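To find a chain, count down the sequence lines: A is the first, B the second, and so on, and within it residues start at 1. This one's a predicted model, so the numbers in the text were calculated from it and none came from an experiment.
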2 protein chains.
Amino acid sequence: MPRPAVLSPNDVRALDEVDRALLAHLVADARITNAALAEAVGVAPSTCLARVRSLRERGVIRGYHADVDPAAVGLPLQAMISVRLQSDARDRLGEFTGLVRRLPEVRDVYFVAGEDDYLLHVATAGTGALRDLVARLNAHRDVAGTVTSLIFDHLRPVPVPGS
Amino acid sequence: MPRPAVLSPNDVRALDEVDRALLAHLVADARITNAALAEAVGVAPSTCLARVRSLRERGVIRGYHADVDPAAVGLPLQAMISVRLQSDARDRLGEFTGLVRRLPEVRDVYFVAGEDDYLLHVATAGTGALRDLVARLNAHRDVAGTVTSLIFDHLRPVPVPGS
DNA sequence: AGTGAAAATCTATAAGC
DNA sequence: GCTTATAGATTTTCACT
């Protein structure tokens, strides 16, 4: 599957009501069939297919992903780790970013403004694994410090009824 | 689609290699066809279908979602908002949780341990909309205070080659 | 649990409106 | 953009291991 090109100004066509409805349905259920999606938003299947393909190619839809319960795969302990980098590490941001993205425990990397540089949403096997992960991060030469907050629960938005 | 029941201890059967391979592929691409998925993990299509259905029904797979670029739908400014609740609001947690989950700007609700109670990952139309959102949160009777950090970038893990 | 093969659906494309 | 038609894939079931 080709990576969609970055949105250029020329590609920014306003999304209409149909597009927004398509997106809402696909966010709620990415495996809905084209026929069902077309009926739900009130367009012909061929139109629906062309619309969705366009949204994908324009990068509005970045991908489709299964949401796996971390606890069900042996990673019941989630945390948010704030990472502050050394001030002289600013020219190696990409390197560190690539590293943390490849850690199997990391589910989201937020690159933030302010005192901290990263927020890492992680899922681990337990307190021992979390402790090890934090220790490994702190041992990295570019890391000035970390703050770890346990996550009791992670919720996504409720699907709206009219989607 | 029926909501899968909460995992009870009886349902916790260890996932085998095939299950893990299926999950890795579906996380990377939730719209892979059953036939292609079956071939990728080395089982028959019918077996693949039964496995995936079982994972879904057991709650290991919680759903399938399109990943929509917030900037492409007019919400280019992301932020992480820490919310600290009033100490006497502890018996209304569910109420506040339900409220924030329904805000259209909110993409993730992390319920955390520590000084703060929530981390809200939000996407807004711009600085004005973000300011309004923060003001609305602070105006809620249960909110003791908020801290907002801008998000420059939000990355998810890189799909592993062997998936 | 897993498989192969049949039956039911669905996707994808194209032509005409 | 819609409808219709059509070929080709795909999903889904089921009898049998």
Side-chain angles (χ1 to χ4, degrees), chain A residues 1-5 10-69 72-74 162-163, chain B residues 1-5 7-68 72-73 163:
Chain A
M1 192 168 315
R3 279 283 109 192
N10 292 341
D11 290 330
V12 179
R13 291 182 281 278
L15 302 177
D16 65 15
E17 288 304 309
V18 173
D19 288 325
R20 293 186 181 273
L22 291 172
L23 292 174
H25 277 87
L26 288 170
V27 167
D29 175 14
R31 298 204 63 161
I32 186 174
T33 66
N34 182 66
L37 183 57
E39 187 184 357
V41 306
V43 296
S46 55
T47 304
C48 183
L49 193 65
R51 290 265 196 162
V52 173
R53 185 176 295 162
S54 169
L55 290 168
R56 182 77 173 90
E57 286 171 353
R58 282 187 281 161
V60 178
I61 296 172
R62 294 189 289 209
Y64 304 95
H65 306 288
D67 174 25
V68 173
D69 180 1
V73 295
S163 67
Chain B
M1 193 169 315
R3 277 284 110 193
L7 278 183
S8 75
N10 292 341
D11 289 331
V12 178
R13 291 182 280 278
L15 303 176
D16 64 16
E17 288 303 311
V18 172
D19 287 326
R20 292 186 181 275
L22 292 171
L23 292 175
H25 278 87
L26 288 169
V27 167
D29 176 14
R31 298 204 64 161
I32 186 174
T33 66
N34 183 65
L37 183 58
E39 188 185 358
V41 306
V43 297
S46 52
T47 304
C48 184
L49 191 67
R51 288 266 198 164
V52 173
R53 185 175 294 162
S54 169
L55 290 168
R56 182 76 174 90
E57 286 170 354
R58 281 187 282 160
V60 178
I61 296 172
R62 293 189 288 208
Y64 304 96
H65 307 289
D67 173 26
V68 173
V73 295
S163 68

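To the nearest 0.5 angstrom, His65(A) atom NE2 is 8.5 Å from Asp29(B) atom CG.
Per the geometry, CD belonging to Glu39(A) stands 13 Å off P belonging to dT11(C), to the nearest Å. For Ile32(A) and dT9(C), the CD1 to P distance is 17 Å, given to the nearest whole Å. Atom CG in Asp16(B) sits roughly 7 Å away from atom P in dG2(C) (whole-Å rounding). Protein atom CD of Glu17(B) is 17 Å distant from nucleotide atom P of dA1(C), rounded to whole Å.
Inspection of the Arg51(B) and Thr47(B) side chains reveals no N or O donor paired with an N or O acceptor under 3.5 Å.
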Please output the side-chain donor-acceptor pairs of residues 31-44 of chain B that fall under 3.5 Å, not counting sequence neighbours, one pair per line with the distance.
unit_1	atom_1	unit_2	atom_2	d
Arg31(B)	NE	Ala30(A)	O	3.4
Thr33(B)	OG1	Ala36(B)	N	3.1
Asn34(B)	OD1	Leu49(B)	N	3.4
Asn34(B)	ND2	Pro45(B)	O	3.0

Under 3.5 Å, which N/O atoms of the protein pair with N/O atoms of nucleotides 7-10 of chain D?
none

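Between Leu55(A) and Leu15(A) the shortest side-chain heavy-atom distance falls below 4.5 Å. Residues Arg58(B) and Asp19(B) form a side-chain contact, since some pair of their non-hydrogen atoms from C-beta on lies under 4.5 Å apart.
Arg62(B) approaches Arg56(B) most closely through the heavy-atom pair O-NH1, 3.3 Å.
Five base pairs at each end of the helix from dA1(C)-dT17(D) to dC17(C)-dG1(D) define two local axes, and these are offset by 30° (rounded to 10°).
Of the residues in residues 45-53 of chain B, those lying under 4.0 Å from DNA chain C by heavy-atom distance are Ser46(B), Thr47(B), Arg51(B).
When each of Val60(B), Val52(B), Val18(B) is checked for a side chain to side chain contact (heavy atoms under 4.5 Å, CB included) with Leu23(B), only Val60(B) meets the rule.
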